[in-house]
Amino acid sequence: MRAKYVAVLDIRSSEVTAVVGERGVNNTFIIKSKYTCDYEGYAEGELLDIHSFVCAVTEAVKSTLASNSGIKSFYVGVPDEFIKLVNVDKTLSFSSSRKINSSDVKTLTGMSAPPDDEAWRTVRHSCLYYVLSDKRKVIDPVGAVSDSLHGKFCFYKCKNSFIGCIMDVFKRFKDILVVNLIPLSHAEAMYLIEPEKRNKCTALLDLGFISSTYSVVYGDGLLYSEAFSVGIGHVAVYLMSELNIPYEVALSYLSTVNLNAKEKLTGTEECVSEGKTYAFSTMTLRDRIREGLDGICETVQECRQGCPVRYTDAGPLLVTGEGIKTVRGAAEHIAGRLEKSVEVIAPKVPFYDKPRFSSLLSLLDTALADEKLSKTLI
């Protein structure tokens, strides 16, 4: 495989996707291959079925290698259910004012790094900002004159149990010599949010199928990130329970009901599954779906209130992920419940300009621009 191509593995809470791609013109991508496999997912920081996960990843990687020659490395996106964010403030002082060089930055980063332990391992780091002795905040301090250098760092620690599962898979493929782990929340924040928005503190919600993540983004890192095991799939479960219908029928109703439709609510929505017809009033379906979304809103509100860092929560809540477009009108309902403007964001790439592709293209973008910040495992 040519060096300009990279292979990435996107692990969502209901499926895994392996992609080989390269950078296209105008910040687009050229996708050489793409394979998706379903599995049982994860919740509460644990894989629901390890065997199901291993089989899905194995199949996706095997198919990728079969259709692409020369692949020696893989970048793996780590869901936030398996990531612990550690923010560290450190200051490096000099005997007198002088130009800061890259070695100084490296020294400060090393001073800030928290130790690994039996449960967690640092897989990547970033710096939100640096502060010079004259109190100026900068993203890149190299070349600036100062008698001290302060840094606000993010260290992303991954569960060793998750790393073990990943390595059990990749050790089966002798051609793979390098595996790098990328925290998904950081990749999405850097790819989807413009720098000017990040410099003002921005809240990002990745609404998934089983698991979702709420993050506060600032500069080149995260001030706060909280994964919670609630997603759009739970709305389907709620609908199934309330209406006593099969899960597949509940999923179908999620994609057919429009919460914002203006037509009269005296109509009926029908769904046929395995030869049986299910019919419910439009009003009933909308009310139950809204109630299910309210559960997600309550959890998001808890995350907002639980953020230990004080910041101006003035901008819109940016929302992405496969869950936000499953129900038409979901964004408007979430905005109303949270009493906050909501902006749905997605990659600005033709054919992939949908929220469900945000994690995949964010990982691809990060891998292509990798500066050796991710942790090599093999």
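The model shown is predicted, which means the values in this text are computed figures rather than measured ones.
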Trainee: Can you see which heavy atom on P141 is nearest to which on L132, and at what distance?
Mentor: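 Distance-wise, the nearest heavy atoms are CB-CD2, 4.4 Å.
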Trainee: List for me each residue that meets ring-ring contact (aromatic ring centres under 6.0 Å, His included) alongside F357, sequence neighbours excluded, and say none if there are none.
Mentor: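 With sequence neighbours excluded, F357 shows a ring-ring contact (aromatic ring centres under 6.0 Å, His included) to Y352, given in chain and number order.
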Trainee: Check whether T213 reaches the backbone of D80 with its side chain - one donor and one acceptor, N or O, closer than 3.5 Å.
Mentor: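 No, the answer is negative, given that no donor and acceptor are paired below the 3.5 Å cut-off.
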Trainee: Only one of V88, L92, N87, T91 forms a side-chain contact (heavy atoms from CB on, under 4.5 Å) with S112, so which one is it?
Mentor: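 Of V88, L92, N87, T91, side-chain contact (heavy atoms from CB on, under 4.5 Å) with S112 is met by V88 alone.
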Trainee: Does K159 use its side chain to pair, donor to acceptor, with the backbone of G45 at less than 3.5 Å?
Mentor: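 Side chain of K159 to backbone of G45: a pair is present.
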Trainee: Can you confirm whether the side chains of S67 and Y35 place a donor and an acceptor under 3.5 Å from each other?
Mentor: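 Yes, Y35 and S67 have a side-chain donor paired with an acceptor closer than 3.5 Å.
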Trainee: Do S126 and D220 pass the side chain to side chain donor-acceptor pair (under 3.5 Å) test, and can you show the C-alpha distance, the side-chain angles, and the key distance before you say yes or no?
Mentor: CA-CA 6 Å; S126 62; D220 283 345; over 6 Å; no
Trainee: Provide the closest heavy-atom pair for Y156 versus H186 in the form atom of the first, atom of the second, distance.
Mentor: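 That would be OH-CD2, 3.0 Å.
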Trainee: Please determine whether side chain to side chain donor-acceptor pair (under 3.5 Å) holds for the pair E291 and Y238, giving the CA-CA distance in whole Å, both sets of side-chain angles, and the decisive distance to 0.1 Å.
Mentor: CA-CA 9 Å; E291 290 169 3; Y238 179 77; 2.5 Å; yes
Trainee: Quick one: list whatever passes side-chain contact (heavy atoms from CB on, under 4.5 Å) with D89, sequence neighbours left out.
Mentor: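 H150, K152.
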Trainee: Ignoring hydrogens and geometry, is there a side-chain-to-backbone donor-acceptor pair from T64 to A60 under 3.5 Å?
Mentor: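 Side chain of T64 to backbone of A60: a pair is present.
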Trainee: Return the minimal non-hydrogen interatomic distance between H51 and D49, and the atom names on each side.
Mentor: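 Closest pair (atom of H51, atom of D49, distance): N-OD1, 3.0 Å.
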Trainee: Parallel under 30°, tilted from 30 to 60°, perpendicular over 60°: which one fits the rings of F82 and Y42?
Mentor: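 Ring orientation of F82 relative to Y42: perpendicular.
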Trainee: Show the nearest heavy-atom pair for residues V257 and V327, with the distance to one decimal.
Mentor: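 In this case the closest contact between V257 and V327 is O-CG1, 4.4 Å.
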Trainee: Got a sec: does the CG of N26 have more than 12 other heavy atoms crowding it under 6.0 Å?
Mentor: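 Open.
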Trainee: Atom NZ of residue position K90 - does it have more than 12 heavy atoms of other residues, nucleotides or ligands inside 6.0 Å?
Mentor: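 12 or below, so no.
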Trainee: Quick one: do the S211 and E81 side chains pair a donor with an acceptor below 3.5 Å?
Mentor: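 Result is yes, a qualifying pair exists.
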Trainee: If we ignore hydrogens and angles and just use 3.5 Å, is the side chain of D140 paired with the main-chain N or O of Y130 as donor and acceptor?
Mentor: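 No, D140 side chain to Y130 backbone: no donor-acceptor pair under 3.5 Å.
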Trainee: If the condition is side-chain contact (heavy atoms from CB on, under 4.5 Å), which residues does A346 pass it with, not counting sequence neighbours?
Mentor: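 So A346 forms a side-chain contact (heavy atoms from CB on, under 4.5 Å) with P355, S358.
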Trainee: With a 4.0 Å cut-off on N to O distance, would you call K34 and E15 a salt bridge?
Mentor: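 Salt bridge: no.
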